[in-house]
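Below is one structure, written out as C-alpha cells, with a few remarks after it.
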Number of protein chains: 2
Amino acid sequence: MLIRRNLPPFQEQWALPGGFVRIDESIDTAARRELQEETGLQDVFLEQLYTFGAIDRDPRERVVTVAYYALVNLREHALEATTDASEAAWFSISHLPSLAFDHAQIVDIAIARLKGKVRYEPIGFELLPQKFTLSQLQTLYETVLGVRLDKRNFRKKLLKMNLLVELDETQTDVAHRAARLYQFDAAKYHQLREKGFNFEI
Amino acid sequence: MLIRRNLPPFQEQWALPGGFVRIDESIDTAARRELQEETGLQDVFLEQLYTFGAIDRDPRERVVTVAYYALVNLREHALEATTDASEAAWFSISHLPSLAFDHAQIVDIAIARLKGKVRYEPIGFELLPQKFTLSQLQTLYETVLGVRLDKRNFRKKLLKMNLLVELDETQTDVAHRAARLYQFDAAKYHQLREKGFNFEI
DNA sequence: TCAAAAGTGTTTTCTGTACACCCATGC
DNA sequence: GCATGGGTGTACAGAAAACACTTTTGA
C-alpha cells in the first residue's frame with residue numbers, strides 16, 4: 001500500500017505511509033496512528049520491521065525511520081480516502097513503481113521478513129478473510145514463498161496440525177464446485193504452542 | 001557483557017553498553033563505535049536487534065534506543081579496560097544482575113533472537129574460536145537451545161552439510177584423547193546458499 | 001455437456017531418532 | 001591402569017514427496 005506524496009522532496013512519487021513520532025506516544029502507537037490516519041486501516045497485524053539510519057536517506061535532514069509492516073486482507077479492510085495523503089493505492093509487489101527515499105529497500109526487507117516468518121508462524125492467515133478455502137491458503141503460501149506446492153500434501157499437512165476449524169459453509173458465487181470454508185483457531189494455536197508445538201510449512 | 005554505570009540514573013547498576021548516535025554517522029556505525037569505545041571489542045558479528053520506544057523508558061527524558069547485539073568468542077576477543085565506563089564484565093545469562101532501564105527486556109529479546117536464529121543460520125560459529133571441536137559446537141547448541149543433543153546424530157548432520165573443514169590438528173592440553181579441530185567454511189556456505197541450500201539444526 | 005476447480009490415498013524415499021561400545025590420551 | 005571425553009554405525013519410525021482420477025457445480 002503506497003501513498004503518492006504531495007510535497008517535496010520526491011513530490012508526486014509513491015512512498016510508504018509514515019510520519020513523525022510524537023513526544024507523548026510510543027513508537028508502536030505512532031505506527032498504528034499513522035497507518036490509521038493515512039490509510040484508514042485499523043485492527044490489523046502490525047509489527048516492527050527494522051530501523052533505517054543511514055545518514056543521507058532523507059535529502060532534507062537527518063531522519064531515522066523505525067519501519068513497521070502490517071498484514072491486511074483486502075476483503076475485510078477497504079482503503080479509505082484520507083486527508084493526509086493525496087492518494088493511496090494497493091500495488092502488487094511484482095509491479096511496484098519507483099519509490100521515494102530508501103523505501104524500495106524497506107519493502108525488500110519487509111518481503112524477506114514475511115517470506116521467512118510465514119514458514120514458521122501462522123501469520124499467513126492475516127492475509128486471508130476469516131473464512132477461507134484450503135486452495136486460497138495454498139495459493140497464498142505459493143505466492144509468498146514463490147514455490148508450487150502439492151495440493152494433497154499441503155492439505156494433509158495443514159489439517160493434521162489441528163489448527164483449522166472446518167465450517168459447515170462453502171464458497172458462494174463461483175462457477176465450479178464450491179469449496180469448503182475453514183477458519184484459523186488462534187486459541188488452539190496458542191494452547192498447542194505452550195506444549196511445544198511448532199508451526200511449520 | 002555489561003558495564004557498571006558511574007552516573008545517575010541507576011548509578012552503580014549494571015547496564016548494556018550504549019550511547020548516542022552522532023549526526024554524521026549511521027546507526028550501524030554508532031553501534032560499532034560504542035561497542036569499541038566501551039569494551040574494546042572490534043571485528044565481531046553485530047546486528048540490529050530491535051528498537052525500543054516506550055515513552056517512559058528513561059526517567060530523564062524521551063529516549064528511543066536502537067539495540068544491537070554482538071556475538072563474540074571470548075578466547076579471541078579479550079575485554080579491554082576503557083575510559084567511558086567505570087567497569088565492564090561478562091556475565092552468564094543465567095546469572096544476570098538486575099539491570100538499569102529496560103535493559104532486562106532488551107536482553108530477553110536478544111536471547112530469543114539468538115535462539116531463533118542459531119537454528120537456521122550459521123551464526124553459532126561466531127561464538128567459538130576459529131578452530132573448534134565438534135563437541136564444543138554441540139555444547140554451544142545445547143546451551144543456546146536449552147536441549148540435549150545426540151552426539152552421533154549431531155556429528156552426522158553437521159558433517160553432511162559440508163560446511164566444516166576438517167583440520168590436521170587436534171586439541172592440546174586436555175587430560176584425555178585430543179579431539180580433532182574443524183573450521184567453518186564461510187565461502188562454501190555462501191556458495192551453497194546461492195544454490196538454495198538452507199542451514200538448519 | 002463442458003469447463004473449472006474441489007476433493008481424495010497409496011507408495012516410495014528420505015530424514016530424524018534412538019541407542020552402546022571401543023579408542024586414545026594424560027595423569 | 002584408570003578416568004575422561006573422542007569417535008563411530010545401524011535399525012526403526014515417521015515425515016515428506018510423488019503421483020491421477022473422480023466429483024461437483026455453474027454456465
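Order of the sequence lines sets the chain letters (A, B, ...), proteins ahead of strands, with each chain counted from 1.
- A straight line from NZ of B:K160 to P of D:dG9 spans 14 Å, rounded to a whole angstrom.
- Taking atom CD of residue A:Q138 and atom P of nucleotide C:dT8, one finds them 14 Å apart after rounding to whole Å.
- Heavy-atom contacts from other residues, nucleotides or ligands closer than 6.0 Å to CZ of A:R113 number more than 12.
- In this structure, B:R180 reaches the sugar-phosphate backbone alone: every heavy-atom distance under 4.0 Å involves primed, P, OP1 or OP2 atoms, never a base.
- Atom-to-atom, CG of B:L137 to C1' of D:dG7 comes out at 16 Å; the value is rounded to the nearest Å.
- Within 3.5 Å, a donor on the side chain of B:N153 pairs with an acceptor on the base of C:dA18, or the reverse.
- Atom C1' of nucleotide D:dT8 and atom CG of B:L158 are separated by 16 Å, given to the nearest angstrom.
- Between B:F132 and B:F125, the ring-plane angle classifies as tilted under the 30° and 60° cut-offs.
- A donor-acceptor contact shorter than 3.5 Å is absent between the side chain of A:R57 and the backbone of A:H103.
- Residue-environment remark: NZ (B:K117) exceeds the threshold of 12 foreign heavy atoms within 6.0 Å.
- More than 12 heavy atoms of other residues, nucleotides or ligands shown are found within 6.0 angstrom of CD on A:E76.
- Toward the 5' end of DNA chain C, the nearer of the two residues A:D150 and A:Q171, judged by each one's closest nucleotide, is A:Q171.
- In this structure, B:L167 atom CG and D:dG6 atom P are separated by 16 Å, rounded to whole Å.
- A sub-4.0 Å separation between OP1 or OP2 of D:dG26 and a side-chain N or O of A:R177 is absent.
- The interatomic distance linking B:F154 (CZ) with D:dG7 (C1') rounds to 14 Å, in whole Å.
- Using a 4.0 Å heavy-atom criterion, one finds that B:T133 contacts no nucleic acid atom at all.
- The side chain of B:K157 places no N or O atom within less than 4.0 Å of a non-bridging phosphate oxygen (OP1 or OP2) of C:dT15.
- Atoms CD (B:Q136) and C1' (D:dG5) sit 12 Å apart, rounded to a whole Å.
- At whole-Å resolution of the value, NZ in A:K151 and P in D:dA20 are 13 Å apart.
- Residue A:R152 places a side-chain atom within donor-acceptor reach of the base of D:dA20, judged by atom type and a 3.5 Å distance cut-off alone.
- Among the atoms of the strands shown, base atoms are found under 4.0 Å from some heavy atom of A:K156.
- If B:H176 and A:R155 are placed on DNA chain C by their nearest nucleotide, the residue sitting closer to the 5' end is A:R155.
- Residue B:S135 has a polar side-chain atom (N or O) positioned under 4.0 Å from OP1 or OP2 of D:dG6.
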